[in-house]
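Worksheet: one structure, shown below.
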Amino acid sequence: MKDLLKYFPTNTYHLEEKSILKIGDQEYETNISYNLFVENEQEKEDFEVSIERTNFKVNEKKIDTKFLSIANHYMEALFPLHCVVENFRLKIVNLTEIQRRIKKKDDQLEAKYGGDGLINIQNQFKKATDTVEKLSEFVKQLPFMKILNFGMQKFEKKQDYFIKWNILAIGNSEWKGAMIYSKNNNTLNFEPKINNAQEMMDEIIRNVHKNEYQVDFEEENIGLFADFKLNIDYTGETGRMKKADTEICIEVENKFFYEQKITLSNK
């Protein structure tokens with residue numbers, strides 16, 4: 001892409017993701033953090049941007065459980081990601097290579113761990129990534145990929161930006177809205193409206209009944225609250241982000257609550 005150095009300069013970012021899920025009286029909280037090294041590789045023939053992930057932590061600690069360690073090994077097999085920029089979006093071009101890395105990781109983990117825990121994680125990961133198309137979609141739905149794409153909206157300023165965002169235990173929410181860039185403040189704001197509120201409500205009810213949570217959905221006219229906010233501060237004339245704050249909330253009063261807050265900061 002023309003002006004790739006302007007759109008996607010080399011940089012290191014630190015990300016923190018905090019998620020809270022409440023269903024009835026059950027509550028789950030997750031805090032993860034990691035670094036991303038995003039390198040402009042426009043001199044390469046087959047890709048333009050590479051992405052590496054390092055220093056992954058859960059609750060500010062290195063992973064110290066078998067379950068999380070296995071899951072993280074599979075995630076590590078995704079990197080490095082090699083991408084080109086098309087229409088202000090990152091397109092992954094080394095999917096076949098990633099699939100080979102996942103297969104190699106399979107063999108290594110089977111030799112080291114084995115057992116039902118490994119099999120369950122293997123099956124989940126394979127279900128999501130066993131074809132090139134599924135693998136591409138899986139990576140595109142990772143929050144950091146979405147935020148990196150958001151950063152390029154400084155230049156496109158799309159008025160009907162559409163995005164899917166995974167809601168833990170429920171599925172993909174869908175949003176559409178205008179990207180608002182302020183040249184004076186060098187900031188980008190995005191506050192889209194949800195497109196599939198009824199589908200989200202149906203999935204919440206289905207999840208409650210499937211898992212037999214003690215939640216009552218008998219009353220009529222139950223409202224669903226959905227909110228999405230993105231704010232990006234840039235460092236200068238390029239797409240390098242100083243800070244990006246993303247907040248997503250889906251709530252059915254006293255029955256279901258999901259909140260995810262992601263902060264990307266320039267290291």
Side-chain angles (χ1 to χ4, degrees), residues 1 7-9 11-19 30-38 48-53 56 75 78-93 95 98 128-129 133-181 187-196 200 226-234 239-250 258-266:
M1 175 184 274
Y7 296 136
F8 235 105
N11 203 65
T12 301
Y13 294 111
H14 178 71
L15 281 89
E16 295 184 2
E17 300 181 20
K18 298 181 180 181
S19 302
T30 305
N31 298 304
I32 66 174
S33 63
Y34 51 95
N35 294 333
L36 285 180
F37 178 59
V38 182
E48 298 171 327
V49 177
S50 67
I51 303 170
E52 287 275 13
R53 191 194 73 170
F56 183 84
M75 290 301 296
L78 300 177
F79 300 93
L81 293 170
H82 292 165
C83 310
V84 295
V85 178
E86 292 186 356
N87 298 319
F88 299 93
R89 306 289 191 281
L90 288 168
K91 178 183 177 181
I92 307 141
V93 295
L95 293 166
I98 293 171
T129 63
E133 292 77 16
K134 286 182 180 180
L135 176 58
S136 176
E137 186 64 22
F138 178 80
V139 177
K140 284 195 300 184
Q141 294 305 319
L142 295 174
F144 74 84
M145 289 291 287
K146 296 180 184 296
I147 295 171
L148 292 176
N149 283 333
F150 287 158
M152 286 187 282
Q153 282 301 303
K154 172 180 179 177
F155 306 101
E156 186 181 31
K157 309 177 190 69
K158 193 171 178 64
Q159 294 301 296
D160 57 348
Y161 196 99
F162 175 81
I163 187 171
K164 293 182 180 180
W165 197 283
N166 184 259
I167 305 300
L168 189 64
I170 302 303
N172 282 329
S173 57
E174 298 178 357
W175 309 78
K176 182 182 285 189
M179 290 286 184
I180 309 298
Y181 174 68
T187 59
L188 183 79
N189 295 288
F190 182 50
E191 296 188 16
K193 302 299 183 183
I194 193 166
N195 262 11
N196 63 336
M200 285 285 96
D227 192 42
F228 191 120
K229 293 180 180 178
L230 165 74
N231 295 286
I232 298 178
D233 291 323
Y234 295 93
R240 181 178 287 113
M241 292 174 278
K242 180 179 180 180
K243 188 178 182 183
D245 289 309
T246 307
E247 296 184 15
I248 302 92
C249 182
I250 302 284
Y258 178 79
E259 182 181 69
Q260 186 176 21
K261 295 182 178 181
I262 305 172
T263 299
L264 173 148
S265 54
N266 186 9

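Residue indices begin at 1 and follow the sequence shown.
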Donor-acceptor under 3.5 Å ([X] side chain, [Y] main chain):
| X | Y | value |
| --- | --- | --- |
| Glu17 | Gln260 | no |
| Tyr234 | Gly151 | yes |
| Tyr13 | Leu148 | no |
| Asn195 | Glu174 | no |

key: By ring pair (Phe, Tyr, Trp, His ring centres under 6.0 Å) - contacts of Tyr34 (at least two apart)   = none
message = Around atom NZ of Lys157, are there more than 12 heavy atoms from other residues, nucleotides or ligands closer than 6.0 Å?
response = yes
ask   = If you draw a 6.0 Å radius around NZ in Lys193, do more than 12 non-hydrogen atoms from other residues or ligands fall strictly inside?
value = no
inquiry  = Check Glu137 with Lys140, please: is the shortest side-chain N to carboxylate O separation under 4.0 Å?
reply    =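 Between Glu137 and Lys140 there is a salt bridge, with a charged N closer than 4.0 Å to a carboxylate O.
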Pairwise side-chain contact, [X] with [Y], heavy-atom cut-off 4.5 Å (strictly under):
| X | Y | answer |
| --- | --- | --- |
| Leu142 | Leu78 | yes |
| Ile194 | Phe228 | no |
| Glu247 | Asp227 | no |

Which pair of non-hydrogen atoms, one from [X] and one from [Y], has the smallest distance, and what is that distance?
| X | Y | answer |
| --- | --- | --- |
| Met145 | Val139 | CG-O, 3.3 Å |
| Met152 | Leu90 | CE-N, 4.2 Å |
| Ser19 | Tyr258 | OG-OH, 3.8 Å |
| Pro9 | Gly239 | CD-N, 4.2 Å |
| Gln141 | Lys164 | OE1-O, 3.3 Å |
| Ser136 | Ile92 | O-CD1, 4.1 Å |

Just how far is it from atom [atom1] of [X] to atom [atom2] of [Y], taken to the nearest 0.5 Å?
| X | Y | atom1 | atom2 | value |
| --- | --- | --- | --- | --- |
| Ile147 | Thr246 | CD1 | OG1 | 4.0 Å |
| Met200 | Ile250 | CE | CD1 | 7.0 Å |
| Met241 | Ser265 | CE | OG | 10.5 Å |
| Lys243 | Thr263 | NZ | OG1 | 5.5 Å |
| Asn11 | Asn266 | CG | CG | 4.0 Å |
| Tyr161 | Ile180 | OH | CD1 | 14.0 Å |

ask   = Is the centre of the Phe88 ring less than 6.0 Å from the centre of the Phe155 ring?
value =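 No, the ring centres sit 6.0 Å or more apart.
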request  = Test Leu188 against Met179 for side chain to side chain contact (heavy atoms under 4.5 Å, CB included), laying out the working first.
outcome  = CA-CA 7 Å; Leu188 183 79; Met179 290 286 184; 3.9 Å; yes
request  = Would you please classify the geometry between the Phe150 ring and the Trp165 ring as parallel, tilted or perpendicular, with 30° and 60° separating the classes?
outcome  = parallel
ask   = What do the steps show when you test Tyr7 against Val85 for side chain to side chain contact (heavy atoms under 4.5 Å, CB included), and what is the final call?
value = CA-CA 9 Å; Tyr7 296 136; Val85 178; 5.7 Å; no
key: Results of side-chain hydrogen bond (donor to acceptor under 3.5 Å, both in side chains) for Asn35 - residues two or more places apart only   = His14
query = What residues, two or more places apart in sequence or in another chain, satisfy salt bridge (Lys or Arg N to Asp or Glu O under 4.0 Å) together with Lys176?
reply =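 Lys176 satisfies salt bridge (Lys or Arg N to Asp or Glu O under 4.0 Å) with no residue once adjacent residues are dropped.
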task = Test side chain to side chain contact (heavy atoms under 4.5 Å, CB included) on Ser50 and His82 and set out the steps.
result = CA-CA 5 Å; Ser50 67; His82 292 165; 3.8 Å; yes
inquiry  = Consider side chain to side chain donor-acceptor pair (under 3.5 Å). Of Gln153, Gln159, Lys154, Lys158, which one does Glu156 pass it with?
reply    = Gln153
From CA spacing to verdict: side-chain hydrogen bond (donor to acceptor under 3.5 Å, both in side chains), Thr187, Asp233 = CA-CA 5 Å; Thr187 59; Asp233 291 323; 5.0 Å; no
query = In a check of side-chain contact (heavy atoms from CB on, under 4.5 Å) between Phe144 and each of Leu81, Ile262, Asn149, which one passes?
reply =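 With Phe144 as partner, Leu81, Ile262, Asn149 yield a single side-chain contact (heavy atoms from CB on, under 4.5 Å), made by Leu81.
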task = Would you sort out whether Ile167 and Ile248 count as a side chain to side chain contact (heavy atoms under 4.5 Å, CB included), showing the intermediate values?
result = CA-CA 9 Å; Ile167 305 300; Ile248 302 92; 4.1 Å; yes
